[in-house]
There are 2 protein chains.
Amino acid sequence: MKLTLDKPLQIRVQEAIIDMIRDESLLPGDQLPTESELYKRFGVGRSTVRESLANLVQQGVLLKMQGKGTFIRSVPVRVKNGLDQLFSVTENIKAVGAVPSTSRINVKTIPAGELSDKLSIGAKDPCVWVERVRRANDEIAAYCIDIIPKSIFSDNIDKIDYKGSLFDLLAQNGHLVSHSESTLRPTMLTKRDFPEMKDSVGLFLLLEEIFFDISGIPVCYSNDYYSSNVFDFKIIRKRQLG
Amino acid sequence: MKLTLDKPLQIRVQEAIIDMIRDESLLPGDQLPTESELYKRFGVGRSTVRESLANLVQQGVLLKMQGKGTFIRSVPVRVKNGLDQLFSVTENIKAVGAVPSTSRINVKTIPAGELSDKLSIGAKDPCVWVERVRRANDEIAAYCIDIIPKSIFSDNIDKIDYKGSLFDLLAQNGHLVSHSESTLRPTMLTKRDFPEMKDSVGLFLLLEEIFFDISGIPVCYSNDYYSSNVFDFKIIRKRQLG
DNA sequence: CAGTGGTCTAGACCACTAC
DNA sequence: TAGTGGTCTAGACCACTGT
């Protein structure tokens, strides 16, 4: 493992700007020193300062207005695990500081059927259907059904271990997951749908997703039911202006 | 109205790259020419090409991997009314092809209280609390509670008409809504919470949102309960790669 | 090793905002 | 007019990937 001993300069400058905001107790709406002032102060090139500022604008910390200046937009806190970022169920569980595990796995082979359009395969093409109960520190976190075209797998599907991350599994078969098309729906599950639940009914956020690899091939159709007790989904929504 | 007759070079280069992808029929996963090749071909500086590429990466069109190259990343055409785009309830209702209306309005003045942090005002500062039932073709579409600092309004608040779009109202008072920080939560409402409902319980997607204007000032805290019968929220989720 | 993208500099000029 | 951020260049070196 090779390491860059020093972080990139633009990152260090970025941190220095954050420190400056804190040290000088600048508040939202306040103006930052000019780019010219900043690159002289830090003794770096202007592009470096501009890269740092661009990152902070991207993160929503700063706001630039041409001809006016750079301003504090909000307290320097970034939304972690925003919904627009694609994470696997495993990663989402780790993100809330819990240990992921899988407590029930059912696997069978089915034809694509109605999903053939969504997966861009024939209706009779075989798919692997995987049903799993995912837990965070042993608490029920999500109920997941994944349907993957058999052609995605290079290995013999009988030898596959489905306990871990779906994304890892797909990556091992040469399909790096790039993005998803997702539909959100609030859902109520009962003990009949989901016997492991403690209560007779539970509220879940259903993410109906189609995952695509970097070549644009649909690699999986999923219904992931995230427990509202465990997960809070956050997102920054930007308005189309002008 | 002043115009820049020529678009910035980096935008023209960006369009040229898109044209090149189309003309050479490059497919998702294919490698783009190197930066070195591109800036020579277009006769511009490397930074300009890099800015253009950065925009396209940001838009999800391209994917960069250090040491490897730049690749086409297939992303479907932007989802219409995707959740990452900020629309008002009014706009969301129009987007499903329905006529928006408001069937109940309650307004009162309250102190900010616990919301003072979120709205960046004092706990005793007065806010306007607005409760509304929004309908799509007379069907219940959403139940909305909006809390707006009184200081946002330049007009006398008693003369305000709350029937229409919240965003229009804020814009009329000089606060163009720029973005929101939103948290999603599946929610069940009962007739007690929401007497207008037909059934005794209903499933809603709660969007707890803080809206900010273009200056980064928080202008409204909202709890919008969107009926799952009327709305389907879609989003394209991109995975952090490389 | 060669080739890729990533970082960084110094300097120039342009476009927009305010006074 | 002065001062801001926006665009653009030419050139240097670094870090990562594959052979």
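Each chain gets a letter, A, B and so on, in the order its sequence line appears, and its residues count up from 1.
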I need the [atom1]-[atom2] distance between [X] and [N], as an integer number of Å.
X: Q66(B); N: dC16(D); atom1: CD; atom2: P; answer: 6 Å
X: K64(B); N: dG3(C); atom1: NZ; atom2: C1'; answer: 15 Å
X: L32(B); N: dG5(C); atom1: CG; atom2: P; answer: 9 Å
X: Y39(A); N: dG5(D); atom1: OH; atom2: P; answer: 11 Å
X: F71(A); N: dG3(D); atom1: CZ; atom2: C1'; answer: 12 Å
X: K68(A); N: dG6(D); atom1: NZ; atom2: P; answer: 13 Å
X: E35(A); N: dC8(D); atom1: CD; atom2: P; answer: 15 Å
X: E51(A); N: dG5(D); atom1: CD; atom2: P; answer: 16 Å

Less than 4.0 Å between a side-chain N and a carboxylate O, is that true for [Y] and [X]?
X: K64(A); Y: E35(A); result: yes
X: E208(B); Y: K118(B); result: yes
X: E209(B); Y: R237(A); result: yes

Where the side chain of [X] is concerned, which of [options] is the nearest nucleotide?
X: R46(A); options: dT9(C), dT9(D), dT7(D); result: dT7(D)
X: Q10(B); options: dC8(C), dT4(D), dC8(D); result: dC8(D)
X: T34(B); options: dG5(C), dT9(C), dT9(D); result: dG5(C)

Here's a test of your reading of the structure: between S36(B) and S47(B), which maps to the more 5' nucleotide of DNA chain C?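 Of the two residues, S36(B) wins.
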Between S36(B) and K40(B), is any side-chain donor less than 3.5 angstrom from a side-chain acceptor?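 A pair is found: one side chain offers a donor N or O, the other an acceptor, under 3.5 Å apart.
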Sugar-phosphate, base or nothing in reach of G67(A), heavy atoms under 4.0 Å: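 Since a base atom lies under 4.0 Å of G67(A), the category is base.
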Mind checking the CZ-CG spacing from F211(A) to L166(A)? Nearest 0.5 Å is all I need.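 With rounding to 0.5 Å, CZ (F211(A)) is 6.0 Å from CG (L166(A)).
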Give a yes or no on whether a donor-acceptor pair under 3.5 Å exists between the nucleobase atoms of dT7(C), that is its base, and the side chain of R50(B).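 Side chain to base: no pair present.
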